[in-house]
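Both ligands and their constituent atoms are indexed starting at 1 by order of listing. Predicted, not measured: the structure shown is a model, and the values here were computed from it.
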Amino acid sequence: MRPYVIVNVAVSADGKLSTRERRQVKISGNVDFDRVDEIKAGCDGIMVGIGTVLADDPSLTVKSPERIAERVKQGRPEHPVRIVVDSQARTPPDAKILHKGSGKRIIVIAESAPSERITALAPHAELIKTGMSQVDLKDLMHKLAETGIKKLMVEGGGTLIWGMISAGLVDELIMFVGNIIIGGEDAPTLADGLGFIHESDFPVLELTSVSPMEKGVLIHWKVK
Ligand SMILES: NC(=O)C1=CN([C@@H]2O[C@H](COP(=O)(O)OP(=O)(O)OC[C@H]3O[C@@H](n4cnc5c(N)ncnc54)[C@H](O)[C@@H]3O)[C@@H](O)[C@H]2O)C=CC1
Ligand SMILES: Nc1nc(O)c(N)c(N[C@@H]2O[C@H](COP(=O)(O)O)[C@@H](O)[C@H]2O)n1
């Protein structure tokens with residue numbers, strides 16, 4: 001048992017998520033941000049890797065007051081549960097994700113996380129421990145499903161998305177491809193990590209829709 005997992009990202013025309021310095025880039029515009037907000041509002045959880053928290057300091061809240069009101073009307077919390085995959089408990093205790101907006105936060109750590117960092121984070125978030133030196137994403141998905149997370153959005157970055165895809169844990173991939181080129185062999189891409197070697201291991205996608213949006217293209221894929 002695991003949640004239905006949607007990966008949503010904005011990439012440049014050359015497939016990058018940000019610059020090689022991991023500086024956040026505005027790849028898409030307000031129309032796309034609103035589309036992302038709608039998906040977020042329809043999810044029970046939203047998850048990012050610690051690299052994204054350290055680079056962008058996102059809040060990952062639902063932004064539209066109407067969507068927040070609709071969630072509350074449905075008896076749901078204002079915001080999805082916000083989850084950080086953070087093996088060594090590096091989330092800064094003053095990170096926006098821990099302080100902006102109401103609701104539950106989960107920091108997912110590995111057995112080897114230093115105890116003093118765990119102590120600093122404990123007042124701000126629920127901690128889930130899984131995996132020895134790195135978070136065990138498969139076990140995490142089971143644990144999240146057990147807490148009632150049925151639909152999960154993964155926002156990035158490239159290392160976490162690789163981890164999710166290579167473990168066979170992604171159902172849908174939605175990408176906005178913007179009209180800029182970022183370049184740089186060290187700039188993060190949609191799926192970083194080690195990469196597959198054998199063609200037989202490549203996850204195969206089924207194209208479900210393509211549409212022009214703003215100055216780019218919105219592409220929906222299903223993972224077969
Ligand atoms: N354009 C977009 O839509 C988005 C862009 N970004 C960008 O992505 C960059 C951050 O990406 P990354 O540096 O790749 O960091 P990341 O956000 O993917 O976090 C990776 C970290 O997660 C932790 N982790 C623990 N267990 C793991 C596992 N089993 N598998 C994979 N990771 C695991 C590791 O500490 C790893 O270093 C930033 O520059 C950010 O701006 C992030 C989100 C969306
Ligand atoms: N959809 C989208 N388009 C872009 O152009 C982007 N740069 C991003 N980036 C990610 O969006 C998150 C922002 O979260 P909050 O607004 O703070 O809630 C953050 O994780 C960025 O990496 N996304």
Minimum heavy-atom distance N30-E214, with the two atoms named: N-OE2, 3.2 Å
Geometric N/O contact V9 with ligand 2, under 3.5 angstrom: no
Nitrogen or oxygen of L17 less than 3.5 angstrom from that of ligand 1: yes
For ligand 2, the portion of E155 having any non-hydrogen atom under 4.0 Å away: side chain
Nearest-contact summary for atom 14 (O) of ligand 2 - protein heavy atom, Å: P58 CB, 3.5 Å
V9: numbered ligand 1 atoms lying under 4.0 Å from its heavy atoms: 3 (O)
Shortest protein contact, atom 17 (O) of ligand 1 (heavy atom only): T52 OG1, 2.6 Å
Pairwise side-chain contact, R35 with N8, heavy-atom cut-off 4.5 Å (strictly under): yes
Within one Ile-Leu-Val-Met-Phe-Trp-Tyr cluster: V135 and I83, side-chain cutoff 4.5 Å: yes
Where ligand 1 meets G49 - atom numbers and elements under 4.0 angstrom, heavy-atom basis: 16 (P), 17 (O), 19 (O)
4.5 Å side-chain heavy-atom contact, R90 and R117: yes
Option of least heavy-atom distance to atom 28 (C) of ligand 1 (set: R20, R23, Q134): Q134
Heavy-atom nearest neighbour in the protein, as seen from atom 18 (O) of ligand 1, with distance rounded to 0.1 Å: L160 N, 2.9 Å
Heteroatom proximity flag, K63 to ligand 2, N/O under 3.5 Å: yes
Nearest non-hydrogen protein atom, atom 25 (C) of ligand 1: S87 OG, 2.9 Å
Nearest neighbour of atom 19 (C) of ligand 2 from the list V25, L17, D56, on a heavy-atom basis: D56
Pair D171 + R2, salt bridge at N-O below 4.0 Å: yes
Among S12, S133, G157, closest by any non-hydrogen atom to atom 11 (O) of ligand 1: G157
Protein heavy-atom partner closest to atom 3 (N) of ligand 2 - residue, atom, separation in Å: S28 OG, 2.8 Å
For atom 15 (O) of ligand 1, closest protein heavy-atom neighbour: G51 CA, 3.3 Å
Same cluster (ILVMFWY, side-chain, under 4.5 Å), I106 and I46: no
Nitrogen or oxygen atoms of A10 and ligand 2 under 3.5 Å apart: no
Residue-ligand contact R90/ligand 1, heavy atom below 4.0 Å: yes
Any N/O pair G163/ligand 1 closer than 3.5 Å: no
Identity and separation of the nearest protein heavy atom to atom 43 (C) of ligand 1: E155 O, 2.9 Å
Contact atoms of ligand 1, heavy-atom distance to R22 under 4.0 Å: 13 (O), 39 (O)
Atom 30 (N) of ligand 1: nearest protein contact (heavy atom, Å): L137 CD1, 3.6 Å
Nearest non-hydrogen protein atom, atom 22 (O) of ligand 1: V85 O, 3.6 Å
Any N or O of F33 closer than 3.5 Å to N or O of ligand 2: no
Proximal ligand 1 atoms for A10, defined as those under 4.0 Å from one of its heavy atoms: 1 (N), 2 (C), 3 (O)
Any side-chain heavy-atom pair of T130 and V108 under 4.5 Å: yes
Heteroatom distance test (T52, ligand 2): nitrogen or oxygen, under 3.5 angstrom: no
From K143 atom NZ to I128 atom CD1, the distance as rounded to the nearest 0.5 Å: 7.5 Å
From C43 atom SG to M153 atom CE, the distance as rounded to the nearest 0.5 Å: 6.5 Å
Any N/O pair S59/ligand 2 closer than 3.5 Å: yes
Check ion pair K104-E126 (N to O, under 4.0 angstrom): yes
Winner among N8, I50, V84 once heavy atoms are compared against atom 21 (C) of ligand 1: I50
D34/K63 salt bridge by N-O under 4.0 Å criterion: no
Within 6.0 angstrom of I197 CD1, more than 12 heavy atoms from elsewhere: no
Nearest option to atom 6 (N) of ligand 1, as decided by whichever heavy atom of D56, V53, I27 sits closest: D56
Protein contact of atom 36 (C) of ligand 1 - nearest heavy atom, named by residue and atom, plus distance: T159 CG2, 4.0 Å
Numbered atoms and elements of ligand 1 in range of G156, under 4.0 angstrom, heavy atoms: 17 (O), 43 (C)
contact_flag V48 ligand 1 heavy-atom lt 4.0 Å: no
Expected output: side-chain D44 to main-chain K151 donor-acceptor under 3.5 Å: yes
Close approach of G156 to ligand 2, heavy atoms, under 4.0 angstrom: no
Qualifying residues under salt bridge (Lys or Arg N to Asp or Glu O under 4.0 Å), relative to K73, sequence neighbours excluded: E70
